[in-house]
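Below, chains carry the letters A, B, ... as their sequence lines are ordered, and counting in each starts from 1. Bear in mind that the values here come from a model prediction, so they are computed numbers and not experimental data.
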Amino acid sequence: MQDNQGVTLVDDMLWRGLIQDSTDPDELRKHLDGDAITFYVGFDPTAASLHVGNLMQVVTARRLQLAGHNPLLLVGGATGQIGDPGGRSTERQLNPQDVTAGWVLRIRDQLTPFMTFDGDNAATMVNNLDWTGELSVIDFLRDVGKHFPVNKMIARDVVKNRLETGISFTEFSYQLLQANDFYELHSRHDCSLQFGGSDQWGNITAGVDYVRRRGAGPVFAFTTPLVLKADGTKFGKSAGGATWLDPTMTSPYAFYQFWVNADDRDVPHYLRYFSFKTREEIEELEKATAERPQARLAQKELAFEITALVHGEEEANQAVMASQALFGRGSLSDLSADTLRAALSEAGMTQVRGELPTVVALLQEAGLVKSGGDARRTIAEGGAYLNNERITDPEAVIPESALLQGRFLVLRKGKRTFAGVERV
RNA sequence: GGCGGGUUGCCCGAGCGGCCAAUGGGAGCGGACUGUAAAUCCGUCGGGAAACCUUCGCAGGUUCGAAUCCUGCACCCGCCA
């Protein structure tokens with residue numbers, strides 16, 4: 001598998017830094033750069049939507065499919081009910097089964113646009129509940145459990161880290177389920193490769209070992225690196241919480257802004273991990289950033305590409321347009337009614353009727369502050385703006401003349417949080 | 001089963017009868033500097049315009065007055081069995 005410039009899939013992935021750990025690197029290369037194979041990557045339904053932290057896996061699966069391999073996208077209806085003990089110090093709160101089942105459907109829908117489901121190497125959705133749900137306790141303990149030495153299970157980092165603080169048998173068993181998934185997918189779909197985030201390495205190798213113990217295989221695996229941020233904070237969090245892929249949970253505008261605001265030092269990594277641009281294009285962007293960082297060219301290109309991938313090109317264009325209108329140099333009063341409406345809708349629009357309220361009330365209604373005190377504080381700190389002019393009097397009633405195009409107000413908190421108001 | 005320790009604001013963590021809406025740190029938020037970046041510095045961080053109201057696991061009680069004392073309940077963590 002290689003493109004017309006002779007760069008193989010593995011070469012490209014190595015350059016991008018997508019391979020953190022792998023079983024036998026030479027074998028992995030032969031496998032991935034050879035004939036089409038079937039691979040799987042799993043997503044557990046632990047929330048109603050995937051977030052940018054999951055994007056690495058989604059995009060990598062797409063990369064492999066574009067290179068000609070056959071994807072199995074597993075949404076863990078079974079494992080999602082058990083809970084991966086990894087990456088946390090306390091027991092998970094189990095969600096009701098019907099909630100998890102609902103999330104499975106949503107996440108399946110969410111994954112769909114990233115992959116192709118027809119053609120020679122069509123992707124397939126699978127759910128481990130299909131083979132785990134009916135497994136009896138006796139069968140599970142005899143057929144699966146017998147292959148897992150507890151001493152090895154305990155030695156795995158994720159379990160070891162929890163031994164002090166506590167881990168239930170439920171979560172302790174998680175690795176058996178994931179290992180069994182690999183075996184089942186190997187038997188049912190001839191799946192020979194699993195990948196996942198580096199936090200999944202233990203679970204993944206448990207699967208590789210298990211397949212071998214059952215006399216099948218060989219199967220291969222690799223993990224993608226944890227996305228790190230230069231400032232040491234967690235990737236994916238931005239003002240107020242996670243950045244979700246679901247447009248009702250994180251608007252396309254906010255999603256676009258998430259990427260635009262990426263730290264200069266992180267952008268080169270993000271481009272490699274998430275973008276489908278070529279190596280030459282990426283290196284070009286890096287050069288541009290080094291020369292004129294304030295132009296944020298790389299951030300903008302990255303933000304557009306990822307937003308278009310996740311939300312479609314139309315939404316991405318809207319986000320760009322809104323960003324230009326709101327952050328642009330020009331005066332807001334120069335914007336047309338249509339542009340204002342569209343831009344503010346992207347940022348979040350609130351409607352008010354009749355008399356315009358005080359700025360404190362308006363800031364609250366627009367959702368920029370969480371209480372009246374918060375609004376007053378923000379104004380006192382000089383962080384509240386109406387139509388890009390700093391608000392100084394919290395009790396001021398907004399005059400009719402402030403309405404842009406006779407009906408819009410642009411509220412801003414701090415440097416970059418906008419909200420629109422439309423008087424109807 | 002026994003003994004001891006713990007449960008405080010988003011998180012960590014002081015407080016141990018009034019001066020406590022509760023020290024300190026982190027996160028968050030705002031300002032300055034910039035580039036919608038980083039670093040740094042400053043400010044802010046329950047609700048209320050205020051009076052004042054609601055918070056310190058839950059429910060009662062003692063007291064003029066409790067996060068602080070007592071009783072019961074729940075959960076967590078050690079040590080012993």
Side-chain angles (χ1 to χ4, degrees), chain A residues 87-94 162-168 228-243 251-271 285-286 288-304 306-307 319-330 332 343-344 346-348 357-364 366-386 388-397 410-419:
Chain A
R88 47 190 302 133
S89 56
T90 55
E91 190 78 8
R92 257 173 216 281
Q93 174 79 39
L94 291 180
R162 287 281 299 278
L163 248 29
E164 286 294 313
T165 55
I167 181 169
S168 66
L228 293 170
K229 280 176 63 178
D231 64 9
T233 59
K234 210 170 174 191
F235 170 74
K237 300 278 190 227
S238 72
T243 302
S251 72
Y253 167 79
F255 186 85
Y256 175 84
Q257 283 289 322
F258 167 80
W259 296 100
V260 166
N261 279 301
D263 191 314
D264 293 354
R265 296 167 294 176
D266 292 323
V267 177
H269 298 118
Y270 294 174
L271 283 166
L285 280 171
E286 283 169 13
T289 296
E291 285 164 3
R292 292 183 59 238
Q294 65 277 21
R296 294 167 172 273
L297 192 61
Q299 278 94 333
K300 287 175 183 169
E301 287 279 329
L302 174 71
F304 180 81
I306 308 298
T307 306
V320 172
M321 184 281 303
S323 298
Q324 283 174 349
L326 297 174
F327 289 99
R329 290 279 162 77
L332 289 170
L344 293 175
E346 290 290 312
T358 61
V359 287
V360 168
L362 209 53
L363 285 167
Q364 265 189 98
L368 286 181
V369 295
K370 48 181 192 293
S371 67
D374 191 7
R376 280 162 211 284
R377 187 183 309 125
T378 303
I379 292 167
E381 290 171 332
Y385 303 81
L386 172 66
N388 281 347
E389 300 215 8
R390 182 170 280 174
I391 297 168
T392 52
D393 178 9
E395 304 306 333
V397 174
V410 178
L411 292 175
R412 189 173 107 218
K413 182 190 178 201
K415 275 190 277 199
R416 57 195 187 200
T417 312
F418 287 91

Item to complete: Among B:U36, B:A32, B:A38, find the nucleotide with the atom closest to the side chain of A:Arg265.
Response: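 Output: B:A38.
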Nearest-Å distance for atom pair [atom1]/[atom2], residues [X] and [N]:
{"X": "A:Glu301", "N": "B:A37", "atom1": "CD", "atom2": "P", "value": "20 Å"}
{"X": "A:Asp393", "N": "B:A49", "atom1": "CG", "atom2": "P", "value": "14 Å"}
{"X": "A:Arg296", "N": "B:A37", "atom1": "CZ", "atom2": "C1'", "value": "5 Å"}
{"X": "A:Gln299", "N": "B:U36", "atom1": "CD", "atom2": "C1'", "value": "10 Å"}
{"X": "A:Leu363", "N": "B:G30", "atom1": "CG", "atom2": "P", "value": "12 Å"}
{"X": "A:Glu291", "N": "B:G35", "atom1": "CD", "atom2": "C1'", "value": "16 Å"}
{"X": "A:Leu297", "N": "B:U36", "atom1": "CG", "atom2": "P", "value": "15 Å"}
{"X": "A:Asp263", "N": "B:A39", "atom1": "CG", "atom2": "P", "value": "7 Å"}

Now, which nucleotide makes the Watson-Crick or G-U wobble pair with [N], with each of the two distances under 3.5 Å?
{"N": "B:A74", "result": "B:U7"}
{"N": "B:G17", "result": "none"}
{"N": "B:C69", "result": "B:G61"}
{"N": "B:C79", "result": "B:G2"}

Discussion item. What I want to find out is whether A:Glu381 reaches A:Lys413 closely enough, with some N-O distance under 4.0 Å, to be called a salt bridge.
Written reply: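 Looking at A:Glu381 and A:Lys413, the cut-off is not met.
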Worksheet entry | A:Ala319 versus A:Tyr256, closest heavy-atom pair with distance |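 In this case the closest contact between A:Ala319 and A:Tyr256 is CB-CB, 3.6 Å.
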Item to complete: Determine the minimum heavy-atom distance between A:Lys229 and A:Tyr270, stating which atoms define it.
Response: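 Answer, listing the atom of A:Lys229 first, then A:Tyr270: CG-OH, 3.4 Å.
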Worksheet item: Base, sugar-phosphate alone, or nothing: which one does A:Glu395 contact when heavy atoms must sit under 4.0 Å apart?
Response: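 No contact.
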Practice prompt. Give A:Arg412 one of three labels, base, sugar-phosphate or nothing, depending on what nucleic acid heavy atoms sit under 4.0 Å from its own.
Written response: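 Nothing: the residue A:Arg412, judged by heavy atoms under 4.0 Å, touches no strand.
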Discussion item. A quick test of your reading: do over 12 heavy atoms of other residues, nucleotides or ligands sit less than 6.0 Å from CD of A:Glu389?
Written reply: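 No - once you tally the heavy atoms of other residues, nucleotides and ligands closer than 6.0 Å, there are 12 at most.
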Discussion item. Side chains of A:Asp374 and A:Gln364: any donor to acceptor distance under 3.5 Å?
Written reply: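 Not at all, the side chains of A:Gln364 and A:Asp374 share no donor-acceptor pair under 3.5 Å.
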Item to complete: Check the angle between the aromatic planes of A:Phe255 and A:Phe258 and answer parallel, tilted or perpendicular using the 30° and 60° thresholds.
Response: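 Plane angle between 30° and 60°, so tilted.
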Same-atom distance ([atom1]) from [N] to [M], integer angstrom:
{"N": "B:C80", "M": "B:A27", "atom1": "P", "answer": "40 Å"}
{"N": "B:C75", "M": "B:U62", "atom1": "P", "answer": "28 Å"}
{"N": "B:A22", "M": "B:G17", "atom1": "C1'", "answer": "15 Å"}
{"N": "B:C29", "M": "B:C3", "atom1": "C1'", "answer": "47 Å"}
{"N": "B:G1", "M": "B:C19", "atom1": "C1'", "answer": "47 Å"}
{"N": "B:C53", "M": "B:A37", "atom1": "C1'", "answer": "43 Å"}
{"N": "B:C79", "M": "B:G15", "atom1": "P", "answer": "25 Å"}
{"N": "B:A50", "M": "B:A39", "atom1": "C1'", "answer": "41 Å"}

Worksheet item: If the sugar-phosphate is the primed atoms plus P, OP1 and OP2 and the base is the rest, what is the B/S/- string for nucleotides 21-27 of chain B, using protein heavy atoms under 4.0 Å?
Response: -------
Roughly how far, to the nearest 0.5 Å, is [atom2] of [Y] from [atom1] of [X]?
{"X": "A:Thr289", "Y": "A:Arg265", "atom1": "OG1", "atom2": "CZ", "value": "14.0 Å"}
{"X": "A:Thr378", "Y": "A:Leu368", "atom1": "OG1", "atom2": "CG", "value": "9.0 Å"}
{"X": "A:Trp259", "Y": "A:Gln299", "atom1": "CH2", "atom2": "CD", "value": "11.5 Å"}
{"X": "A:Leu297", "Y": "A:Glu286", "atom1": "CG", "atom2": "CD", "value": "12.0 Å"}
{"X": "A:Arg412", "Y": "A:Ile391", "atom1": "CZ", "atom2": "CD1", "value": "10.0 Å"}

Looking only at N and O atoms, is any donor in the side chain of [X] or the base of [N] less than 3.5 Å from an acceptor on the other one?
{"X": "A:Lys415", "N": "B:U34", "value": "yes"}
{"X": "A:Gln294", "N": "B:U34", "value": "no"}
{"X": "A:Glu381", "N": "B:G31", "value": "no"}

Practice prompt. Using a cut-off of strictly less than 4.0 Å between a heavy atom of the residue and any atom of RNA chain B, enumerate the qualifying residues of residues 368-377 of chain A by number.
Written response: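 Within residues 368-377 of chain A, the residues near RNA chain B are A:Ser371, A:Gly372, A:Gly373, A:Arg376, A:Arg377.
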Fill in: Nearest-nucleotide 5' precedence on RNA chain B, A:Tyr256 against A:Ala384
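So the residue in question is A:Ala384.
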Worksheet item: Mapping A:Pro293 and A:Gly383 onto RNA chain B by nearest heavy atom, which one lands closer to the 5' end?
Response: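 So the residue in question is A:Gly383.
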Discussion item. Within the 4.5 Å heavy-atom criterion, are A:Tyr385 and A:Phe418 side-chain neighbours or not?
Written reply: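 They are not in side-chain contact.
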Worksheet entry | side-chain N/O A:Arg416 vs B:G35 OP1/OP2, d < 4.0 Å |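 For B:G35, OP1/OP2 do not have a side-chain N/O of A:Arg416 under 4.0 Å.
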Item to complete: Taking only the side-chain nitrogens and oxygens of A:Tyr385, find out if one of them lies under 4.0 Å from OP1 or OP2 of B:G31.
Response: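 The answer is yes; a side-chain N or O of A:Tyr385 sits under 4.0 Å from OP1 or OP2.
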